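Note that this is a predicted model, so its numbers are computed, not measured.
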Amino acid sequence: MELLIKAIIGGIIIATVSTIGGRYPTVGAFVLGIPLATFVSFVFMHYAGVDIQTLKTLSIQTVYFVLISLSFFPIFVYMISTYGFWTSMLVSATVTGSLMMVLFKYFQ
C-alpha cells in the first residue's frame, strides 16, 4: 500500500510538471525545482522508523548527487538546437549518469 501511495504522489508530480510546463515553462520549472519527492520520501522514512543518522547521510549525499545532476541541463540546452531532442537527451543523460557513477563509487 505504501508503494502505491508513493507511486501515485510521484505520478501526480510528473503529470503536473508535464502539463503545466508545456504551457508555462517557468511555472513547470518551479514545480520541478521544489524537492517534493524528497520531502515525501523523508516523511515516509521517518514514519518507517529510519534513524536520524541515516536521514543525515542521505541528505548530505543527495546534495552531491543533485549538484552532479545539474550538469544535464547545460549540456542539453547547448546541444538541442544543433543535434535535436533525442541525441541531446542521450548525450546529456550519458554524461550525467557517468558522473553520478563516479560519485557513487566514491561514496562506497
Side-chain angles (χ1 to χ4, degrees):
M1 182 66 174
E2 183 179 325
L3 179 62
L4 181 61
I5 293 170
K6 292 174 186 177
I8 290 170
I9 291 170
I12 289 170
I13 294 168
I14 292 168
T16 301
V17 170
S18 61
T19 302
I20 294 173
R23 191 157 188 201
Y24 306 104
T26 303
V27 176
F30 176 77
V31 172
L32 192 58
I34 299 170
L36 292 172
T38 303
F39 181 79
V40 172
S41 298
F42 281 7
V43 169
F44 275 107
M45 290 172 72
H46 172 73
Y47 282 113
V50 173
D51 65 286
I52 291 173
Q53 186 57 46
T54 300
L55 287 171
K56 286 173 62 175
T57 301
L58 178 64
S59 297
I60 291 167
Q61 290 182 0
T62 297
V63 170
Y64 293 118
F65 283 108
V66 165
L67 290 174
I68 294 280
S69 72
L70 292 176
S71 66
F72 173 89
F73 298 103
I75 296 168
F76 181 76
V77 168
Y78 175 75
M79 292 186 66
I80 194 166
S81 296
T82 306
Y83 298 102
F85 178 80
W86 289 112
T87 302
S88 302
M89 286 290 284
L90 181 63
V91 171
S92 301
T94 301
V95 170
T96 303
S98 299
L99 292 171
M100 286 199 163
M101 290 306 295
V102 168
L103 184 61
F104 183 75
K105 288 182 185 270
Y106 171 78
F107 281 130
Q108 289 194 355

Quick check for you: to the nearest 0.5 Å, what is the distance between [X] atom [atom1] and [Y] atom [atom2]?
| X | Y | atom1 | atom2 | result |
| --- | --- | --- | --- | --- |
| L90 | F85 | CG | CZ | 11.0 Å |
| T94 | M89 | OG1 | CE | 10.5 Å |
| I14 | I9 | CD1 | CD1 | 12.5 Å |
| T57 | I52 | OG1 | CD1 | 11.5 Å |
| T62 | L55 | OG1 | CG | 10.0 Å |

Any donor-acceptor N/O pair, S18 side chain to A15 backbone, under 3.5 Å: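 Present.
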Can you pull the salt bridge (charged side-chain N to carboxylate O under 4.0 Å, His left out) pairs that have at least one residue in residues 4-17, sequence neighbours excluded?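 Qualifying pairs: E2-K6.
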ILVMFWY clustering at 4.5 Å (side-chain atoms), partners of Y106: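 So far as hydrophobic clustering goes, Y106 is joined with I60, Y64, F65, I68, I75, Y78, M79, Y83, V91, V95, L99, M100, L103, F104, F107.
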Scan the side chains in residues 33-48 for donor-acceptor partners under 3.5 Å anywhere in the protein, sequence neighbours excluded, and list what turns up.
| residue | atom | partner | partner atom | Å |
| --- | --- | --- | --- | --- |
| S41 | OG | A37 | O | 2.7 |

Is there a continuous path of hydrophobic side-chain contacts, each under 4.5 Å between heavy atoms, that joins I13 to F30?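 Per the 4.5 Å side-chain linkage, I13 and F30 are co-clustered.
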By side chain to side chain donor-acceptor pair (under 3.5 Å), which residues pair with T54, not counting sequence neighbours?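 Testing T54 for side chain to side chain donor-acceptor pair (under 3.5 Å), a comparison that skips the adjacent residues, returns D51.
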By side chain to side chain donor-acceptor pair (under 3.5 Å) - contacts of S71 (at least two apart):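 By the side chain to side chain donor-acceptor pair (under 3.5 Å) rule, S71 matches T96.
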Considering residues at least two apart in sequence or located in another chain, which fulfil the side chain to side chain contact (heavy atoms under 4.5 Å, CB included) criterion with L67?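 Applying side chain to side chain contact (heavy atoms under 4.5 Å, CB included) to L67 gives V63, L70.
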